[in-house]
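Heads up, the thing below is written out as structure tokens.
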Amino acid sequence: MNPIKIETFTRFQFVSNPTFAPDGKSVAFVVQHADLKDNDYKGDLYLYDKVKDKVTRLTAGGDGKSYVWTAKGTLLFPADREGGKGKKDSQKKDEVSTTYYEISPAGGEAVKAFTVPLKAIGMYRVDEDRYLIMAAAELEKRVQGKDDAYEVVDEIPFWFNGKGFTNGIRGRLYLYQVSTGELTPISEETADVSSYSVRGRKVLYKAYPWTDIHNLYDGIYLYDMETGENKCLLEKDTRRTGMIGFWADEEAVVASGLDNPHGNGKYMDFYTMNLSTGEMKLLAEYDYSSGSGSVGSDARLGGGRTVKTGDGICHFVTTRGDSAHVYAIRRDGSLEAVVTDRGSCDSFDIMDGHKVVCGLYGDNLAELYLDGKQITHFNDMSQWDARPRKEYSFTAKDGFSLTGWVMTPAGYEPGKKYPAIFHIHGGPRTVFGTVFHHEMQMWANAGYFVFFTNPRGSDGFGTEFGDINGRYGTVDYDNLMEFTDYVLDHEPDIDRDRVGVTGGSYGGFMTNWIIGHTDRFKAAASQRSIANWISFEYMSDIGHTFTKNEQAAFASEDVDKLWFHSPIKYIGNCKTPTLFVHSEEDYRCNVAEGMEMFAALKVLGVDTRMLMVKGETHELSRSGRPRNRIVRMREILNWMDKYLKPETEGKEEK
């Protein structure tokens with residue numbers, strides 16, 4: 001078998017976004033791969049024919065990363081295939097448009113279908129002539145006063161991770177009629193639309209109208225495509241809501257939560273909403289996530305459907321334990337487990353009793369499964385030395401059960417001592433599980449034990465376990481240290497004097513916290529971290545809401561509490577050599593957070609280094625440009641080798 005190296009992810013094919021054709025006889029999907037030459041990802045459309053049991057590639061231009069089925073059974077996808085040729089620079093400067101191409105599943109060249117004067121970010125077919133288009137639209141006041149020489153900031157948030165400066169920009173919903181070219185705005189100009197559902201001539205959508213501060217809770221609106229009536233069913237900032245969807249002409253299902261001892265830490269229950277009155281009634285209590293999965297992996301790419309409603313039933317992805325499944329809730333309040341394989345269902349579609357799932361199971365990358373049968377085989381993982389995971393479970397001192405895993409190093413010889421890396425996930429409401437994780441496999445192939453777990457605060461284990469609001473660095477830290485002790489006691493071949501720790505986002509916060517509270521780790525790599533909750537509140541794109549939700553206070557209310565939970569407070573205790581990794585365009589965990597820690601360690605004389613990656617966001621480790629991902633992984637591995645494998649010093653960098 002081939003060793004898994006840093007560059008191995010560039011040889012993977014990433015499958016995503018399966019949907020049935022209108023006649024149900026085939027399934028379209030997307031396959032992407034890394035392109036090192038262009039330093040990006042290419043994607044193309046594929047088709048699985050149910051009758052022939054055959055996969056066919058439909059496009060080859062590398063620009064087929066999203067699509068929608070037409071009513072007649074062809075595919076529309078956005079692409080820039082004209083390249084702006086023949087247009088003067090003055091024309092291109094302010095021009096905003098998206099061109100869609102149409103291709104037949106039977107084959108042939110894609111042909112230009114139509115162009116909309118919008119920066120489209122999503123599309124949904126309403127009928128044979130109309131489409132809903134989600135687009136990034138600028139407020140008129142911003143368009144009139146726009147100047148490339150500077151940015152004006154007069155609202156919060158004014159930037160967003162992955163989108164750059166968003167001041168005066170909204171995610172707006174439009175109705176587009178192909179035959180006439182008519183474009184009708186559905187949501188008001190100042191509203192940010194987050195999700196929607198369509199049934200007949202009605203559009204149910206969530207949005208937050210704002211001009212100054214975007215606070216917490218979306219409102220819910222109902223739009224009639226025939227009359228143009230737009231009715232507010234739930235005012236913004238009334239109550240927390242999650243997924244929404246029609247399941248009858250005058251009734252919808254809404255995931256929602258009300259105030260309780262856990263605040264926003266409480267998972268959302270299911271409600272029915274009367275679409276005439278807006279009245280909501282509790283349908284079923286639910287103590288898990290709904291509408292998305294959270295199983296961590298750096299070996300996936302692309303999106304897809306995670307919620308689908310139909311007559312009297314709603315299917316949704318949910319994280320339960322260390323896996324993402326598909327469940328269904330019915331109008332009578334009954335819940336049904338639909339896809340329960342251990343692993344991660346990333347997206348799905350259901351039609352006429354058949355279900356297609358895009359999932360990661362075992363050490364396979366994402367592939368498609370139709371009614372439980374694997375129908376795509378884009379990645380032969382048998383050629384790679386994927387290290388097995390040993391599972392451990394025990395009861396922590398707080399009474400909760402903890403489960404975690406240990407990977408043995410490649411070429412493992414019992415009785416020989418090896419270094420180890422402890423990996424902490426982000427979130428904190430995500431989970432590690434049994435799915436393939438490229439970087440952890442790479443570390444194991446580089447000669448390390450690798451161990452990881454799901455501490456308090458993780459997703460999938462209910463509200464009591466997942467709620468650490470106002471307790472960051474306490475119960476979760478205790479869990480992580482207990483798991484470390486447990487692993488070292490049960491894996492005697494780990495050299496206790498050569499253990500490193502790393503993590504990103506919440507895992508970066510926890511890495512910063514750990515080095516200020518213990519010297520047990522020989523090296524640390526803190527990634528896209530939080531150092532100071534006071535500065536985070538005012539710099540992060542989500543800081544003005546996330547800080548209160550996670551730390552139970554704003555700086556204006558209890559600055560001492562935020563300071564207590566800030567790793568930078570404990571910087572004087574730090575002795576662990578630490579690498580900091582941040583992206584310059586990460587507006588979630590701003591680069592300044594890492595700079596604070598780095599500069600403080602420098603002043604204290606602790607060995608430290610900082611990698612700032614240009615042009616990248618909070619998603620660097622998962623979907624950053626391929627060459628930038630390679631640089632990041634190389635820096636972390638070299639840092640760990642320097643302190644955990646001193647015999648490698650002076651050797652050529654990996």
Counting the benzene-type ring for Trp, do Y286 and Y271 have ring centres under 6.0 Å apart? no

For the pair D371 (side chain) and K355 (backbone), establish whether a donor and an acceptor sit closer than 3.5 Å, ignoring hydrogens and angles. yes

Pairs touching residues 295-319 that satisfy salt bridge (charged side-chain N to carboxylate O under 4.0 Å, His left out), sequence neighbours left out: R199-D311, R300-D346, R305-D349, K308-D349

Does one side chain, of K50 or S26, offer a donor that lies under 3.5 Å from an acceptor on the other? no

If you count every heavy atom of other residues, nucleotides or ligands that lies below 6.0 Å from K25 atom NZ, does the total exceed 12? no

In terms of relative ring orientation, are F14 and Y41 parallel, tilted or perpendicular, with 30° and 60° separating the classes? perpendicular

What verdict does the ring pair (Phe, Tyr, Trp, His ring centres under 6.0 Å) test give for F316 and F270, after you've listed the backbone C-alpha separation in whole Å, the side-chain angles of each residue and the deciding distance to 0.1 Å? CA-CA 12 Å; F316 59 95; F270 291 109; 5.2 Å; yes

Are F158 and Y587 close enough that their ring centers fall under 6.0 Å? no

Residues at least two apart in sequence or cross-chain that pass side chain to side chain contact (heavy atoms under 4.5 Å, CB included) with P209, listed by chain then number, are E188, T190, A191, Y221, K236

Would M123 and Y100 count as a side chain to side chain contact (heavy atoms under 4.5 Å, CB included) if you check the C-alpha gap in whole Å, the side-chain angles of each, and the deciding distance to 0.1 Å? CA-CA 10 Å; M123 185 187 230; Y100 287 88; 3.6 Å; yes

Report the residues that fulfil side chain to side chain contact (heavy atoms under 4.5 Å, CB included) with E226, sequence neighbours left out, ordered by chain and then residue number. R130, R201, D224

On a heavy-atom basis, the closest approach of S187 and L173 is OG-N, 3.0 Å

Would you please classify the geometry between the H325 ring and the Y327 ring as parallel, tilted or perpendicular, with 30° and 60° separating the classes? tilted

